[in-house]
Every structure is written in C-alpha cells, then in structure tokens.
Amino acid sequence: MRCSWMGLALLLPSLGLCAAIQWLSLAANGTQVAWDNPQDCRLLASDALARLCRRHLEAMPSLVEAARQTKAVCQQTFANSRWNCSSVEGTPHLAPDLQRGTRESAFVYALASSAASHSIARACASGQVPFCFCGSSPSEAPHPSFQWGGCGDNLPFGLQLGSAFVDGPMKFSKAGRQISRVLNLHNNAVGRQVLSDSLETMCKCHGVSGSCTVKTCWKGLRDLATIGSELKSKYLEATQVMPWLVGSRRQLAPRGGRLRPLKADELAYLVHSPTYCLKNPKLGSLGTQDRPCNKTSAGSGGCRLLCCGRGYNTYAERVEEKCRCRYHWCCYVTCKKCQRVVEKHVCK
Ligand SMILES: *[C@@H]1O[C@H](CO)[C@@H](O)[C@H](O)[C@H]1NC(C)=O
Ligand SMILES: *[C@@H]1O[C@H](CO)[C@@H](O)[C@H](O)[C@H]1NC(C)=O
Ligand SMILES: *[C@@H]1O[C@H](CO)[C@@H](O)[C@H](O)[C@H]1NC(C)=O
C-alpha cells in the first residue's frame with residue numbers, strides 16, 4: 001500500500017510527511033513474518049524503508065517492538081486527553097493530525113524516533129541479536145563502592161541504526177515539502193536527545209543474602225513510558241515555528257518575538273491544532289463524544305474539560321467483585337461473588 005495523499009485530496013496544506021513514520025504500521029503487521037527472508041521487507045510500504053530492511057533484516061524484530069511500544073506509550077500518555085493518539089492505528093495511512101505538522105505529530109515523531117533507538121540499544125544488551133554487543137562500560141573510574149560489569153544498553157549503536165531507519169527515508173526522499181522534512185528531522189532528533197539523557201547507572205547487588213558486598217553497575221536506558229512523559233512536557237511547551245532561509249538552507253525559527261534559532265531540545269510545530277472537541281475528519285479530530293470521563297476530576301480526564309462544556313451522560317454498570325472473603329486455617333481464602341452497581345459517565 002502506497003502512501004495516501006489525503007491532505008491534497010481535501011485541498012488542505014499537505015506537508016507530504018508521508019514516508020516518514022509509515023514504519024509504525026509494523027505494530028499491526030510486523031509479527032506475521034519471521035524476518036528471515038528479504039521478501040518479508042515487502043510489508044514496508046516505502047522503497048527506502050524496504051531497502052534498509054533488506055540490509056538490516058536482523059534488526060527488524062526490534063523495529064517491530066519499537067512500533068508496538070510507540071503506539072502503546074502514546075495512547076497511555078494521552079489516555080485522558082482530548083487527542084488520544086488513536087490515529088497511529090491507521091498507519092501507514094496518515095490521518096491529518098499526523099500529517100500537517102501539528103504539535104501532536106511532533107510528539108509522535110519524537111517518540112517513535114526514541115523508541116526505534118531504544119529498542120535496538122536494548123536488543124544489543126539482551127545478547128539475542130547477532131549484529132551488536134553490550135554497550136561498552138564507561139571509561140570513568142567506578143565509585144569505590146561498585147565495579148562496572150553486567151551488560152549495558154548499546155546506546156551509540158541504537159542511535160546510529162535507529163536514525164538510519166527514522167531519518168534516512170526523509171533525508172533521501174525529495175517528496176513532500178522541504179520544510180516538513182526539516183521539521184520532522186528536528187523532532188526526531190529531540191526524541192533521541194531525551195533518550196540519550198535517560199541513560200543512567202543501574203546496579204545489582206551480590207553477596208550473601210543480598211548483603212551487597214559486591215555491587216556491579218552498568219549504563220541502562222529508562223523505560224519508554226518515562227521517556228514518553230518527558231516528551232509530553234516538551235509537547236505542552238512546544239514552539240510554533242516558521243521557515244527561515246539561512247543562505248540556501250531551510251531552517252526553522254520560532255514564530256513571534258525576536259528571531260532566534262530553534263533550540264535543540266524543544267519540540268516544534270508549524271500549524272495550530274484544533275481543540276479536538278468536535279469530530280472533524282479533515283483535521284484528524286475524532287471529537288470526544290462518548291469518551292468515558294471522570295465526574296469528580298478537575299483535570300484533563302475530568303468530564304468538564306474532556307467534554308468541552310457539552311456535559312455528560314450517566315449510566316449504571318453492574319460490576320462483579322470478590323466479597324465476604326474468609327480465611328480458612330490453614331491456608332486458603334474463599335470469597336463470594338457480589339454484584340455492585342457503579343455510575344459511569346461519558347461525554348455528550
Ligand atoms: C499490512 O501490510 C500490507 C502490505 O503487505 C498492507 O497493505 C496493509 O495495509 C498492512 N496493514 C496494516 C494494518 O498496516
Ligand atoms: C480515542 O477516542 C476515540 C474517539 O472518541 C475513541 O473512538 C477511541 O476508542 C479512543 N482510543 C483509545 C485508545 O482510547
Ligand atoms: C476521578 O478523579 C478523582 C479526583 O482526581 C480521583 O480521586 C478518582 O480516583 C478518579 N476516578 C477514577 C475512576 O479514575
């Protein structure tokens with residue numbers, strides 16, 4: 001399946017962000033093949049990606065895992081928000097919310113980019129892939145209380161191969177607008193920067209009954225969920241940018257205020273997002289009607305904000321739970337099943 005140019009069809013400013021995160025479709029498709037035959041690379045919709053796939057076939061299961069994790073972490077991070085990251089399900093087709101250079105697409109690009117490198121770096125440490133090894137121990141002398149050991153995540157290798165997959169197809173493609181490529185490459189790099197910053201010293205104790213007489217430490221990456229919440233803070237503070245021509249090179253500069261270069265650690269977007277309150281397929285907004293909400297919360301998952309002032313419907317749901325549990329000597333517990341009615345709320 002080729003990339004669709006839905007933006008053009010609807011006469012919206014399509015940025016041609018097409019080939020860029022198509023590989024996320026591997027979350028749905030990628031486990032159907034064994035990745036032991038170059039023919040398996042036909043699952044990838046773009047020629048550039050299929051070429052990379054054939055060259056690095058043994059890295060593909062890591063990329064499939066990265067796609068799966070990107071989807072899960074994005075949806076979990078935005079579970080209580082009006083925009084809930086459901087459009088990643090549609091890849092390789094890109095819905096407009098991921099195609100127009102919005103704040104949301106900035107987040108998805110950065111997360112996907114860090115996930116690709118994360119997954120490859122971890123695979124190296126697992127010792128289960130033939131193409132790379134444990135990350136090398138830091139050259140700095142260890143603290144007197146521990147020694148370097150174990151097997152670290154191979155961040156340099158993850159960054160190198162990960163960016164070949166996520167940046168490569170954009171760097172070499174001439175499709176789409178140049179400004180959109182500059183934007184995506186920037187946000188990809190922000191994702192990898194947050195990933196690199198998450199590398200920390202992790203330790204394990206040895207010795208009689210956990211006495212920790214010997215401690216070995218290695219450098220490991222935080223979970224993708226942690227990186228996702230870091231990127232969410234950057235998403236909330238993302239900077240709107242405009243094209244900035246420096247010589248003949250297109251770059252990005254923050255809009256409004258004094259002209260300054262974009263910082264390497266800020267997520268960037270070109271167009272404002274809709275409120276995502278009402279359904280508008282042209283903008284990739286699903287609307288929040290029928291979304292479950294929390295009546296008592298004043299936060300983003302609360303009915304007031306999530307339902308955009310439209311109010312909510314209440315219904316009763318019967319739930320079954322364990323009750324009247326009794327302890328029997330010795331040693332088991334029996335419970336009865338009780339039904340309870342709970343009140344649920346969904347946006348109007
Ligand atoms: C799975 O791969 C095929 C190409 O072989 C493609 O047509 C289809 O859209 C993919 N499905 C998903 C959910 O990405
Ligand atoms: C996101 O919201 C849409 C629209 O209300 C809903 O159909 C979908 O199930 C939600 N997805 C997730 C993962 O919660
Ligand atoms: C709803 O929000 C309140 C207040 O933030 C919280 O204490 C409660 O656990 C939430 N309920 C559910 C079902 O998430």
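Since we're looking at a predicted model, the values are computed, not measured. Counting convention: from 1, in listed order, for ligands and their atoms alike.
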**Q** Would you check whether Asn84 has a nitrogen or oxygen atom less than 3.5 angstrom from a nitrogen or oxygen atom of ligand 2?
**A**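 Min N/O separation from ligand 2 is below 3.5 Å for Asn84.
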**Q** Where is the nearest protein heavy atom to atom 2 (O) of ligand 3: which residue, which atom, and how far?
**A**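 Answer, as residue, atom name and distance: Asn294 ND2, 2.4 Å.
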**Q** Kindly indicate whether atom 14 (O) of ligand 2 is approached by any protein heavy atom to under 4.0 angstrom.
**A**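 Within 4.0 Å: yes, protein heavy atom nearby.
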**Q** Determine whether the side chains of Ser119 and Gln69 contain a donor N or O and an acceptor N or O closer than 3.5 Å.
**A**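 No, no side-chain donor-acceptor contact under 3.5 Å.
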**Q** Check each atom of ligand 2 against the heavy atoms of Arg291 and keep those under 4.0 Å away; list them by number with element.
**A**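 Matching atoms, with element in brackets: 2 (O), 5 (O).
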**Q** Take Phe78 and Tyr235 through the ring pair (Phe, Tyr, Trp, His ring centres under 6.0 Å) test and state the conclusion after the steps.
**A** CA-CA 11 Å; Phe78 284 89; Tyr235 157 91; 5.0 Å; yes
**Q** Taking side-chain contact (heavy atoms from CB on, under 4.5 Å) as the criterion, tell me which of Pro292, Cys293, Ser300 meets it with Asn80.
**A**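 The side-chain contact (heavy atoms from CB on, under 4.5 Å) with Asn80 is passed solely by Ser300 among Pro292, Cys293, Ser300.
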**Q** Against heavy atoms of Thr296, which atoms of ligand 3 measure under 4.0 Å?
**A**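 It comes down to these atoms of ligand 3: 1 (C), 2 (O), 3 (C).
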**Q** Which protein heavy atom lies closest to atom 5 (O) of ligand 3, and at what distance to 0.1 Å?
**A**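 Ranked first by proximity to atom 5 (O) of ligand 3 is Ser297 CB, 3.9 Å.
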**Q** Hey, are Glu266 and Arg260 close enough for a salt bridge, meaning a charged N less than 4.0 Å from a carboxylate O?
**A**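 Judged by the 4.0 Å cut-off on N to carboxylate O distance, Glu266 and Arg260 do form a salt bridge.
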**Q** Determine, using heavy atoms of Gly287 and all atoms of ligand 2, whether some pair is separated by less than 4.0 Å.
**A**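 Under 4.0 Å: yes for Gly287.
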**Q** Could you list which atoms of ligand 2 come closer than 4.0 Å to a heavy atom of Gln75?
**A**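 What qualifies from ligand 2 is 13 (C).
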**Q** Could you tell me which residues satisfy side-chain contact (heavy atoms from CB on, under 4.5 Å) with Pro38, sequence neighbours excluded, listed by chain and number?
**A**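 Checked Pro38 against side-chain contact (heavy atoms from CB on, under 4.5 Å); matches are Arg54, Leu57.
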**Q** Does this structure show an ion pair linking Asp223 with Arg122, if we count only N-O contacts that are shorter than 4.0 Å?
**A**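 A salt bridge is present here (some side-chain N lies under 4.0 Å from a carboxylate O).
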**Q** So, Lys279 versus Ser285: side-chain donor-acceptor pair below 3.5 Å or not?
**A**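 Ser285 and Lys279 do not have a side-chain donor-acceptor pair below 3.5 Å.
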**Q** Are any of the protein's heavy atoms under 4.0 angstrom from atom 7 (O) of ligand 3, yes or no?
**A**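 Given the 4.0 Å cut-off, atom 7 (O) of ligand 3 does not count as touching protein heavy atoms.
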